[in-house]
Amino acid sequence: MDPFSNKVDIPPARKSLGQNFLLDKTALNRIVSFLPSGSSGLVIEIGTGTGHLTKLLCGRFQSVVTIEKDDRLIEWLYHQGHLPENCRLIHKDVLEVSFVSIIKDMGCRKAVLAGNLPYNISSQIVFKLCAEQEVIPAALFLFQKEVAERITSSCSRKTYGVLSLVAQYFFDVKKVMDISPNLFRPRPKVVSSVVLFERKKAGPCTKCFHTFLRVVKAAFSQRRKKITNSLSHQLKIPKKDMAEILKNVGIDPSSRAGDISLEHFIFLSNTLGKTGKFHGRLA
Ligand code: SAH
(Lines give C-alpha, C1' and ligand atoms only; values in the text may rest on other atoms or scores of the structure.)
Protein backbone atom coordinates (compact mmCIF):
# COMPACT_ATOMS: atom_id res chain seq x y z
CA MET A 1 0.00 0.00 0.00
CA ASP A 2 1.21 3.54 -0.71
CA PRO A 3 2.54 4.94 2.61
CA PHE A 4 1.23 8.39 1.66
CA SER A 5 -2.33 7.13 1.36
CA ASN A 6 -4.68 8.52 4.01
CA LYS A 7 -5.82 4.98 4.80
CA VAL A 8 -2.51 4.05 6.43
CA ASP A 9 -2.67 3.95 10.23
CA ILE A 10 0.58 5.04 11.80
CA PRO A 11 1.64 3.00 14.84
CA PRO A 12 1.80 4.87 18.16
CA ALA A 13 5.19 6.55 18.63
CA ARG A 14 7.74 5.56 21.27
CA LYS A 15 9.25 8.60 22.89
CA SER A 16 12.22 6.67 24.24
CA LEU A 17 13.29 5.95 20.65
CA GLY A 18 12.97 9.57 19.56
CA GLN A 19 10.06 8.76 17.26
CA ASN A 20 8.66 11.81 15.48
CA PHE A 21 7.52 10.67 12.08
CA LEU A 22 7.67 13.06 9.16
CA LEU A 23 4.82 12.23 6.82
CA ASP A 24 4.52 15.35 4.67
CA LYS A 25 5.31 14.39 1.08
CA THR A 26 6.16 17.95 -0.06
CA ALA A 27 8.67 18.46 2.76
CA LEU A 28 10.16 15.00 2.23
CA ASN A 29 10.55 15.59 -1.51
CA ARG A 30 12.32 18.87 -0.79
CA ILE A 31 14.65 17.18 1.68
CA VAL A 32 15.57 14.47 -0.82
CA SER A 33 16.23 17.13 -3.47
CA PHE A 34 19.17 18.42 -1.39
CA LEU A 35 21.07 15.15 -1.78
CA PRO A 36 24.06 15.80 -4.07
CA SER A 37 23.14 15.14 -7.70
CA GLY A 38 26.11 12.81 -8.23
CA SER A 39 24.88 10.34 -5.62
CA SER A 40 22.57 7.66 -6.99
CA GLY A 41 24.12 4.31 -6.07
CA LEU A 42 23.66 3.34 -2.45
CA VAL A 43 22.06 5.24 0.40
CA ILE A 44 21.94 4.09 4.02
CA GLU A 45 18.98 5.46 5.96
CA ILE A 46 19.10 5.75 9.74
CA GLY A 47 15.71 5.21 11.43
CA THR A 48 13.19 3.76 8.95
CA GLY A 49 10.21 4.75 11.07
CA THR A 50 7.07 4.43 8.96
CA GLY A 51 9.09 4.25 5.76
CA HIS A 52 7.91 7.52 4.18
CA LEU A 53 11.41 8.91 3.58
CA THR A 54 12.60 5.41 2.69
CA LYS A 55 10.09 5.21 -0.15
CA LEU A 56 11.31 8.46 -1.70
CA LEU A 57 14.95 7.39 -1.34
CA CYS A 58 14.10 4.17 -3.17
CA GLY A 59 12.93 6.25 -6.13
CA ARG A 60 16.15 8.21 -6.21
CA PHE A 61 18.82 5.54 -5.48
CA GLN A 62 19.66 2.19 -7.01
CA SER A 63 19.77 0.55 -3.57
CA VAL A 64 18.61 1.57 -0.13
CA VAL A 65 19.66 0.00 3.15
CA THR A 66 17.50 1.23 6.01
CA ILE A 67 18.24 0.59 9.68
CA GLU A 68 15.54 0.46 12.37
CA LYS A 69 15.86 -0.60 15.99
CA ASP A 70 12.19 -0.88 17.00
CA ASP A 71 10.87 -4.49 16.62
CA ARG A 72 7.31 -3.26 16.60
CA LEU A 73 8.00 -0.96 13.62
CA ILE A 74 9.88 -3.71 11.77
CA GLU A 75 6.83 -5.95 12.10
CA TRP A 76 4.52 -3.12 11.03
CA LEU A 77 6.68 -2.33 7.98
CA TYR A 78 6.66 -5.97 6.84
CA HIS A 79 2.93 -6.16 7.41
CA GLN A 80 2.27 -3.00 5.36
CA GLY A 81 4.49 -4.37 2.60
CA HIS A 82 5.18 -0.96 1.14
CA LEU A 83 8.99 -1.08 1.06
CA PRO A 84 10.12 -1.39 -2.58
CA GLU A 85 12.30 -4.20 -3.96
CA ASN A 86 15.51 -2.16 -3.97
CA CYS A 87 15.29 -1.70 -0.21
CA ARG A 88 16.98 -3.84 2.44
CA LEU A 89 15.69 -3.42 5.98
CA ILE A 90 18.16 -4.09 8.81
CA HIS A 91 16.76 -4.64 12.30
CA LYS A 92 19.55 -3.26 14.49
CA ASP A 93 20.73 -0.41 16.64
CA VAL A 94 22.53 1.97 14.25
CA LEU A 95 25.24 2.59 16.83
CA GLU A 96 26.14 -1.09 16.62
CA VAL A 97 26.38 -1.45 12.85
CA SER A 98 29.42 -0.82 10.68
CA PHE A 99 28.66 1.32 7.63
CA VAL A 100 31.89 0.06 6.10
CA SER A 101 30.66 -3.57 6.34
CA ILE A 102 27.20 -2.76 5.00
CA ILE A 103 28.71 -0.98 2.01
CA LYS A 104 31.04 -3.93 1.34
CA ASP A 105 28.17 -6.44 1.67
CA MET A 106 26.22 -4.45 -0.92
CA GLY A 107 29.19 -4.72 -3.32
CA CYS A 108 29.77 -0.95 -3.23
CA ARG A 109 32.70 1.27 -2.30
CA LYS A 110 30.81 4.18 -0.83
CA ALA A 111 27.36 5.30 0.28
CA VAL A 112 25.47 8.43 1.13
CA LEU A 113 23.74 8.58 4.53
CA ALA A 114 20.30 10.06 5.16
CA GLY A 115 17.76 10.16 7.94
CA ASN A 116 15.31 11.88 10.17
CA LEU A 117 17.40 11.03 13.19
CA PRO A 118 16.31 9.92 16.63
CA TYR A 119 17.25 13.18 18.36
CA ASN A 120 18.56 11.55 21.53
CA ILE A 121 21.51 10.02 19.62
CA SER A 122 22.21 12.82 17.11
CA SER A 123 25.68 13.68 18.42
CA GLN A 124 26.70 10.03 18.55
CA ILE A 125 25.67 9.67 14.92
CA VAL A 126 27.80 12.68 13.92
CA PHE A 127 30.79 11.07 15.68
CA LYS A 128 30.07 7.78 13.90
CA LEU A 129 29.82 9.56 10.56
CA CYS A 130 33.28 11.04 11.17
CA ALA A 131 34.74 7.71 12.28
CA GLU A 132 33.62 6.09 9.01
CA GLN A 133 33.93 9.12 6.73
CA GLU A 134 36.30 7.48 4.27
CA VAL A 135 33.38 5.63 2.64
CA ILE A 136 30.80 8.42 3.06
CA PRO A 137 31.03 11.33 0.61
CA ALA A 138 27.84 12.98 1.86
CA ALA A 139 25.09 12.82 4.48
CA LEU A 140 21.75 14.56 4.87
CA PHE A 141 20.23 14.53 8.34
CA LEU A 142 17.37 16.14 10.25
CA PHE A 143 18.31 17.44 13.68
CA GLN A 144 16.72 19.58 16.34
CA LYS A 145 17.39 23.16 15.22
CA GLU A 146 19.63 23.80 18.23
CA VAL A 147 21.83 20.79 17.41
CA ALA A 148 21.99 21.86 13.74
CA GLU A 149 23.21 25.27 14.91
CA ARG A 150 25.96 23.66 16.99
CA ILE A 151 27.05 21.51 14.05
CA THR A 152 27.22 24.41 11.57
CA SER A 153 28.49 27.07 13.96
CA SER A 154 31.61 29.09 13.29
CA CYS A 155 34.25 30.33 15.69
CA SER A 156 33.31 32.93 18.36
CA ARG A 157 29.58 32.10 18.36
CA LYS A 158 27.85 30.81 21.47
CA THR A 159 26.98 27.55 19.72
CA TYR A 160 30.59 26.84 18.67
CA GLY A 161 32.15 23.82 20.34
CA VAL A 162 33.29 20.20 20.07
CA LEU A 163 30.38 19.17 17.83
CA SER A 164 31.07 22.02 15.34
CA LEU A 165 34.76 21.19 15.17
CA VAL A 166 34.28 17.43 14.88
CA ALA A 167 31.69 17.78 12.08
CA GLN A 168 33.70 20.40 10.19
CA TYR A 169 37.01 18.55 10.41
CA PHE A 170 36.03 16.25 7.53
CA PHE A 171 32.89 17.86 6.12
CA ASP A 172 31.59 21.11 4.71
CA VAL A 173 28.32 21.50 6.60
CA LYS A 174 25.34 23.60 5.68
CA LYS A 175 21.84 24.01 7.07
CA VAL A 176 19.56 23.72 4.03
CA MET A 177 16.07 24.11 5.50
CA ASP A 178 13.97 24.30 8.65
CA ILE A 179 10.94 22.09 9.17
CA SER A 180 7.96 23.10 11.24
CA PRO A 181 6.97 20.85 14.17
CA ASN A 182 3.45 20.75 12.67
CA LEU A 183 4.60 18.41 9.92
CA PHE A 184 5.58 15.62 12.35
CA ARG A 185 3.50 13.00 14.14
CA PRO A 186 3.61 13.35 17.10
CA ARG A 187 4.42 17.03 17.02
CA PRO A 188 7.86 17.70 18.60
CA LYS A 189 8.36 20.74 20.86
CA VAL A 190 11.07 22.28 18.70
CA VAL A 191 11.79 23.22 15.09
CA SER A 192 13.92 20.78 13.11
CA SER A 193 16.63 21.60 10.59
CA VAL A 194 18.08 19.66 7.70
CA VAL A 195 21.88 19.66 7.51
CA LEU A 196 23.92 18.61 4.48
CA PHE A 197 27.40 17.21 5.09
CA GLU A 198 29.75 17.09 2.08
CA ARG A 199 33.17 15.57 2.60
CA LYS A 200 35.96 18.04 1.98
CA LYS A 201 37.93 17.32 -1.19
CA ALA A 202 41.33 17.82 0.36
CA GLY A 203 40.34 17.17 3.96
CA PRO A 204 42.84 17.00 6.80
CA CYS A 205 44.66 13.82 7.69
CA THR A 206 42.49 10.92 8.88
CA LYS A 207 45.18 9.54 11.18
CA CYS A 208 45.46 12.86 13.02
CA PHE A 209 41.74 12.93 13.89
CA HIS A 210 42.22 11.11 17.18
CA THR A 211 44.72 13.68 18.45
CA PHE A 212 42.53 16.52 17.16
CA LEU A 213 39.56 15.15 19.10
CA ARG A 214 41.59 14.80 22.27
CA VAL A 215 42.88 18.39 21.99
CA VAL A 216 39.45 19.88 21.17
CA LYS A 217 37.76 18.03 24.04
CA ALA A 218 40.51 19.18 26.42
CA ALA A 219 40.14 22.79 25.20
CA PHE A 220 36.36 22.87 25.67
CA SER A 221 36.32 21.00 28.99
CA GLN A 222 36.72 24.42 30.59
CA ARG A 223 35.66 26.77 27.81
CA ARG A 224 35.84 29.96 29.85
CA LYS A 225 39.41 29.40 31.00
CA LYS A 226 42.45 30.61 29.13
CA ILE A 227 43.48 28.02 26.55
CA THR A 228 47.00 27.67 28.01
CA ASN A 229 45.59 26.72 31.39
CA SER A 230 42.96 24.27 30.20
CA LEU A 231 45.26 22.48 27.76
CA SER A 232 48.21 22.32 30.09
CA HIS A 233 45.99 20.92 32.85
CA GLN A 234 44.12 18.40 30.67
CA LEU A 235 47.06 17.25 28.55
CA LYS A 236 49.57 17.40 31.40
CA ILE A 237 51.99 19.62 29.55
CA PRO A 238 53.85 22.30 31.57
CA LYS A 239 52.24 25.74 31.19
CA LYS A 240 55.38 27.35 29.85
CA ASP A 241 55.78 24.72 27.11
CA MET A 242 52.08 24.93 26.25
CA ALA A 243 52.20 28.73 25.88
CA GLU A 244 55.24 28.39 23.62
CA ILE A 245 53.56 25.83 21.35
CA LEU A 246 50.41 27.98 21.14
CA LYS A 247 52.44 31.01 20.13
CA ASN A 248 54.31 28.97 17.52
CA VAL A 249 51.08 27.95 15.81
CA GLY A 250 49.72 31.50 15.90
CA ILE A 251 47.27 31.16 18.82
CA ASP A 252 47.21 33.83 21.50
CA PRO A 253 47.97 31.86 24.74
CA SER A 254 45.44 33.94 26.65
CA SER A 255 42.54 33.30 24.24
CA ARG A 256 39.56 31.03 25.07
CA ALA A 257 38.63 27.81 23.25
CA GLY A 258 35.54 29.39 21.68
CA ASP A 259 37.65 31.97 19.83
CA ILE A 260 40.05 29.51 18.21
CA SER A 261 39.27 28.59 14.60
CA LEU A 262 39.12 25.08 13.13
CA GLU A 263 42.30 25.77 11.13
CA HIS A 264 44.16 26.78 14.26
CA PHE A 265 42.94 23.70 16.16
CA ILE A 266 44.11 21.49 13.29
CA PHE A 267 47.50 23.19 13.19
CA LEU A 268 47.83 22.91 16.96
CA SER A 269 46.86 19.24 17.20
CA ASN A 270 49.10 18.29 14.26
CA THR A 271 51.98 20.08 15.95
CA LEU A 272 51.29 18.40 19.30
CA GLY A 273 50.96 15.03 17.55
CA LYS A 274 54.30 15.47 15.82
CA THR A 275 56.11 16.51 18.99
CA GLY A 276 57.47 13.15 20.11
CA LYS A 277 57.58 14.34 23.68
CA PHE A 278 53.77 14.64 23.86
CA HIS A 279 52.89 11.75 21.61
CA GLY A 280 52.42 9.12 24.31
CA ARG A 281 50.09 11.36 26.26
CA LEU A 282 47.91 12.21 23.30
CA ALA A 283 47.59 8.77 21.74
N1 SAH B 1 12.63 8.40 9.22
C2 SAH B 1 11.35 8.25 9.88
C3 SAH B 1 11.46 8.08 11.41
C4 SAH B 1 12.11 9.18 12.17
S5 SAH B 1 11.98 9.00 13.88
C6 SAH B 1 10.43 9.40 9.52
O7 SAH B 1 10.88 10.44 9.08
O8 SAH B 1 9.25 9.25 9.71
C9 SAH B 1 13.49 8.19 14.28
C10 SAH B 1 13.49 6.68 13.95
O11 SAH B 1 14.74 6.14 14.39
C12 SAH B 1 12.42 5.89 14.68
O13 SAH B 1 11.79 5.03 13.78
C14 SAH B 1 13.16 5.11 15.75
O15 SAH B 1 12.54 3.89 16.12
C16 SAH B 1 14.50 4.90 15.09
N17 SAH B 1 15.60 4.69 16.04
C18 SAH B 1 15.75 5.23 17.29
N19 SAH B 1 16.91 4.85 17.84
C20 SAH B 1 17.52 4.06 16.91
C21 SAH B 1 18.76 3.35 16.88
N22 SAH B 1 19.61 3.37 17.92
N23 SAH B 1 19.06 2.62 15.78
C24 SAH B 1 18.22 2.59 14.71
N25 SAH B 1 17.04 3.23 14.68
C26 SAH B 1 16.70 3.95 15.76
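One-based numbering, in listed order, for ligands and for the atoms of each. Note that the numbering runs from 1 along the sequence shown for the chain.
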Distance filter under 4.0 Å to N20 heavy atoms, resulting ligand 1 atoms: 4 (C), 5 (S)
Heteroatom proximity flag, L22 to ligand 1, N/O under 3.5 Å: yes
No-hydrogen, no-angle side-chain donor-acceptor test under 3.5 Å, N86 and S63: no
Whether K92 lies under 4.0 Å from ligand 1, heavy atom: yes
N or O contact, L117 vs ligand 1, cut-off under 3.5 Å: no
Non-hydrogen atoms of S16 and N120 that approach each other most closely: O-ND2, 3.3 Å
G18: numbered ligand 1 atoms lying under 4.0 Å from its heavy atoms: 5 (S), 9 (C)
Expected output: side-chain S164 to main-chain R150 donor-acceptor under 3.5 Å: yes
Protein residue, atom and distance nearest to atom 15 (O) of ligand 1, heavy-atom basis: E68 OE2, 2.5 Å
Test of proximity, N116 against ligand 1: N or O pairs below 3.5 Å: yes
For D93, atoms of ligand 1 separated by under 4.0 Å from a heavy atom: 21 (C), 22 (N), 23 (N)
Taking atom 26 (C) of ligand 1 as the reference point, the nearest protein heavy atom with its distance: K69 CB, 3.8 Å
Minimum heavy-atom distance L113-V43, with the two atoms named: C-CG2, 4.4 Å
Heavy atom of the protein closest to atom 11 (O) of ligand 1 (residue, atom name, distance): G47 CA, 3.3 Å
Numbered atoms and elements of ligand 1 in range of I121, under 4.0 angstrom, heavy atoms: 21 (C), 22 (N)
Q19 N/O under 3.5 Å from ligand 1 N/O: yes
Numbered atoms and elements of ligand 1 in range of E45, under 4.0 angstrom, heavy atoms: 1 (N)
For I237 against D241, the heavy-atom pair lying closest together: CG2-CB, 4.0 Å
Residue pair K175 / D178: nearest heavy atoms and the distance that separates them: NZ-OD1, 3.1 Å
Side chain K110, main chain A138, donor-acceptor under 3.5 Å: no
Residue of the set E68, E45, H82 for which side-chain hydrogen bond (donor to acceptor under 3.5 Å, both in side chains) holds with T54: E45
Ligand-residue contact atoms, ligand 1 with G49, heavy atoms, under 4.0 Å: 2 (C), 3 (C), 13 (O)
Protein residue, atom and distance nearest to atom 23 (N) of ligand 1, heavy-atom basis: V94 N, 2.9 Å
F21, any N or O under 3.5 Å of ligand 1 N or O: no
4.0 Å heavy-atom contact, L95 with ligand 1: no
Contact atoms of ligand 1, heavy-atom distance to T48 under 4.0 Å: 1 (N), 2 (C)
Closest non-hydrogen atom pair, L73 against Q19: CD1-NE2, 3.4 Å
